Structure formats: structure tokens, C-alpha cells
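Remarks on the structure that follows.
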Amino acid sequence: GLTIGAAGRIRRLPVRASVTLTNLALTLSREELSAALGVPVLLLNDLAAVAAALPVLPSSELEAFGPDRQPGQGTRVVVGLGTGFGAAVLTADGAILETEAGHADLPAATVEERACLTRLSPLKAVSIETLFSGPGLLRHHALQTGENLDDPGLLHERVRSDPRSAKAMRQYSRWLGRVCGNLVLGFGAWGGL
């Protein structure tokens, strides 16, 4: 068989499964793919596939920060920032929880964060992935500095040479850390992120 990891919510019904990709107008059907390829197909959320791989990661691929503990014991959360924001959970007993955490409302805990959300959308909530994704990184930089960059490589240079850019990235990192910390708290992911 073949397993396909896709960015989106997998809709599983008794006789069929499908996924509409989150950031692309494309729907994949397990049955249509299986018929076209001539093999059984399993559709899996892309971050759920990463969570499933956690037990086979060598310790050299893990980095401890925070309180001392044995890596990999207990429930763990994985996050991915790409065209969107994805998250999945590997429970202590090996079950995988697929989420669409990137579509949750982005919380704001500081005056600067609240101002950022208001500039993005004064009348409605802003999703986590609006800022915490590849395009969101440049969007956040532009909101904080007034400088629109179209190349993430330029951002790296700006952070090293421009104090406003460096400040914007520190704010971005703290905010992302809080979002991830909320996922850890929400899922009881004491085994790590």
C-alpha cells in the first residue's frame, strides 16, 4: 500500500476517505487514488505522519530545553510552520490526534500583539496561521517595521542589521512560543514539543 500525508483534515467515513488540502483547492480521495494507482492508499494528515515518526527519532535529533526530563516520555505535540500552521499529538499510549490548530484564534497577551491583530483584522478574529506560517513571518515583519520584504532570505539579513527587524523577530518568537506552550498545556503534552 501507499500512505499519503496531506495538509488538511482527513474526512473518514465507513466506505471512503478524502482530504481537501488546506492551502490549495485540491481534494484527494482515498478510493480514487487507490483505483488509479492499483494499490491500497491510506490518507494521513501531514503532521500526524510526523507525530507517528517520533518513536523512531534517534536521541541525536532531539534537543532538550526547559526542565530536565527524559525525552519522549508522555504525550508529545509536533508543530509545523510552512504554507500554514499544523499540529498533531502523539499520546503516551501511542494514539495519534490530528488537529487543525492553525485555524484556531490567535491569542494576544501584550499591547503590541493586540495592536498587530487589530491592524490585521479590526473586526474579526485572526487565525494562528495568519502569522505563524511562511507568509505570516513576512507579514508580521511588515506590520512591525513598515518594510515589505518578498524574500525570507532578506529577512535574515535585516534581522542582523536593523534593530527594528530584530525586535520584530523577538516578538514573533515569544508569541510563537506562547502559542506552542498553549498547545502543550491544552493537550497535556508533558513529554515535549
Side-chain angles (χ1 to χ4, degrees), residues 1-58 60-62 72 74-107 117 120-121 123-140 149-153 155 172 175-176 179-189 191-193:
L2 177 66
T3 300
I4 297 174
R9 181 173 164 243
I10 310 299
R11 298 189 191 306
R12 293 181 180 86
L13 300 173
V15 295
R16 64 187 185 94
S18 65
V19 58
T20 300
L21 301 181
T22 303
N23 293 307
L24 183 64
L26 176 66
T27 299
L28 303 175
S29 160
R30 175 186 65 198
E31 291 68 33
E32 290 174 13
L33 287 167
S34 184
L37 299 170
V39 296
V41 170
L42 172 65
L43 291 178
L44 191 63
N45 174 273
D46 57 345
L47 268 290
V50 174
L54 287 176
V56 297
L57 274 177
S60 62
E61 295 294 320
L62 302 174
T75 297
R76 294 179 272 176
V77 173
V78 295
V79 296
L81 283 71
T83 55
F85 179 99
V89 178
L90 177 65
T91 67
D93 64 359
I96 297 171
L97 305 175
E98 299 173 350
T99 81
E100 286 296 315
H103 299 287
D105 293 347
L106 179 60
L117 293 183
L120 280 168
S121 181
L123 300 176
K124 64 179 186 171
V126 175
S127 73
I128 290 170
E129 77 175 21
T130 299
L131 285 185
F132 297 106
S133 62
L137 177 62
L138 296 177
R139 188 175 297 124
H140 181 266
L149 301 175
D150 58 2
D151 179 2
L155 181 58
Y172 186 87
W175 204 351
L176 176 59
V179 166
C180 291
N182 285 341
L183 290 173
V184 167
L185 291 171
F187 288 107
L193 171 75

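Every value quoted in this text rests on a predicted model; they were computed, and no experiment measured them. Position 1 is the first residue of the sequence, and the numbers go up from there.
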Partners meeting side chain to side chain contact (heavy atoms under 4.5 Å, CB included) with [X] (sequence neighbours left out):
X     : answer
Pro58 : Ser60, Glu61
Leu13 : Arg16
Pro40 : none
Leu81 : Phe85, Phe132, Tyr172, Leu176

Step-by-step side-chain contact (heavy atoms from CB on, under 4.5 Å) determination, Leu131 to Leu120: CA-CA 10 Å; Leu131 285 185; Leu120 280 168; 3.8 Å; yes
Decide yes or no for [X] and [Y]: does some side-chain heavy atom of the first lie under 4.5 Å from some side-chain heavy atom of the second?
X      : Y      : result
Leu138 : Leu155 : yes
Leu97  : Thr91  : yes
Leu106 : Val179 : yes
Leu28  : Leu33  : yes

Under the side-chain hydrogen bond (donor to acceptor under 3.5 Å, both in side chains) rule, collect the residues that match up with [X], sequence neighbours excluded.
X      : value
Ser127 : Thr130
Thr75  : none
Thr27  : Thr20

Which salt bridge (Lys or Arg N to Asp or Glu O under 4.0 Å) pairs, counting each pair once, include a residue from residues 89-107, with sequence neighbours left out?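 Passing the test, one end in residues 89-107: Arg12-Glu98.
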Contact list for residues 22-43, test salt bridge (Lys or Arg N to Asp or Glu O under 4.0 Å), sequence neighbours left out: none
Taking distance alone, no hydrogens or angles, what donor-acceptor pairs closer than 3.5 Å link side-chain atoms of residues 44-57 to residues at least two apart or in another chain?
{"residue": "Asn45", "atom": "OD1", "partner": "Leu47", "partner atom": "N", "Å": "2.9"}
{"residue": "Asn45", "atom": "OD1", "partner": "Ala48", "partner atom": "N", "Å": "3.2"}
{"residue": "Asn45", "atom": "ND2", "partner": "Gly8", "partner atom": "O", "Å": "2.9"}

Take a 6.0 Å sphere around CG of Asp150 and say whether it holds more than 12 heavy atoms from other residues, nucleotides or ligands.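 Count not over threshold, so no.
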Under the ring-ring contact (aromatic ring centres under 6.0 Å, His included) test, residues paired with Phe187 that sit two or more places apart: none
